[in-house]
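One structure is given below, encoded as structure tokens.
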Amino acid sequence: MPSGTTPAGPTPAGTTDSSQPRTGRRRPQQEWPLVVVGVGVVAGLLIALLGQWRFGVAVFGIALGVGAVERLLLPDRAAGLLRVRSKAFDVTVLALMAVGVVVSAIWVRGR
């Protein structure tokens, strides 16, 4: 096989070979870590809006903590949109936000 060709033959300029993965597009299944965090955050907000604000804010914070754990344990490729900066930065920011939100839920006095 000549160099520069694929088993299907050469690919004309300006076209793509469908057997090659696209680099600019993400598959939805790659974004499950962000979806997990997003569902937890939305659930926390809904619970807070329905009157159980302390529990809702705690759920919100726990969702952020789950995001920190996901970012820590998953490889960079699998982290999807949870990957913003370096792994250390992402985990630190998510963990600090989680602790801050949960502590606020516990510390702030209710009516």
Side-chain angles (χ1 to χ4, degrees):
M1 182 180 312
S3 76
T5 62
T6 63
T11 307
T15 62
T16 60
D17 183 6
S18 62
S19 66
Q20 298 295 320
R22 294 182 182 201
T23 56
R25 217 179 225 188
R26 287 194 163 301
R27 293 186 184 148
Q29 63 264 31
Q30 290 177 322
E31 301 309 330
W32 70 265
L34 183 64
V35 170
V36 169
V37 174
V39 167
V41 166
V42 169
L45 290 173
L46 287 174
I47 293 168
L49 287 172
L50 293 174
Q52 298 292 324
W53 71 268
R54 190 178 304 268
F55 181 64
V57 171
V59 169
F60 185 102
I62 290 168
L64 294 176
V66 167
V69 171
E70 286 176 342
R71 182 65 177 108
L72 179 65
L73 297 179
L74 291 172
D76 283 344
R77 273 187 78 116
L81 290 174
L82 285 180
R83 186 182 57 164
V84 177
R85 303 279 181 207
S86 70
K87 183 175 277 199
F89 180 85
D90 293 342
V91 170
T92 301
V93 168
L94 281 168
L96 286 174
M97 288 190 324
V99 168
V101 169
V102 171
V103 166
S104 296
I106 294 168
W107 197 346
V108 172
R109 291 184 183 182
R111 294 191 235 175

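- With hydrophobic clusters built from ILVMFWY side chains whose heavy atoms lie under 4.5 angstrom apart, Leu34 shares a cluster with Val93.
- Leu94 and Val59 sit in two unconnected hydrophobic clusters of ILVMFWY residues. Membership requires side-chain heavy atoms under 4.5 Å apart, directly or through other members.
- When all heavy atoms of Leu82 and Glu70 are compared, the closest pair comes out as CD1-OE1, 3.3 Å.
- The two atoms that bring Arg71 and Asp90 nearest to each other are NE-OD2, 2.9 Å, heavy atoms only.
- Classification of Asp76 and Arg83 as a salt-bridged pair fails, no side-chain N sitting under 4.0 Å from a carboxylate O.
- Nearest heavy-atom pair across Ala58 and Ala105 is N-CB, 4.0 Å.
- Residue Val42 is not grouped with residue Val57 when hydrophobic side chains (ILVMFWY) are merged at heavy-atom distances under 4.5 angstrom, including chains of intermediate members.
- Scanning both residues, Trp53 and Val108, for their nearest heavy atoms gives CH2-O, 3.7 Å.
- When hydrophobic clusters are built by joining Ile, Leu, Val, Met, Phe, Trp and Tyr residues whose side-chain heavy atoms come closer than 4.5 Å, directly or via intermediates, Ile47 is not grouped with Ile62.
- Within the 4.5 Å cutoff, the side chain of Trp32 has heavy atoms near those of the Leu74 side chain.
- Gly61 and Ala98 get closest at one heavy-atom pair: O-CB, 3.3 Å.
- Under a hydrophobic-cluster definition in which Ile, Leu, Val, Met, Phe, Trp and Tyr are linked whenever side-chain heavy atoms come within less than 4.5 Å, directly or via other members, Leu81 and Leu64 are assigned to the same cluster.
- Nearest heavy atoms, Val41 versus Ala63: N-CB, 3.7 Å.
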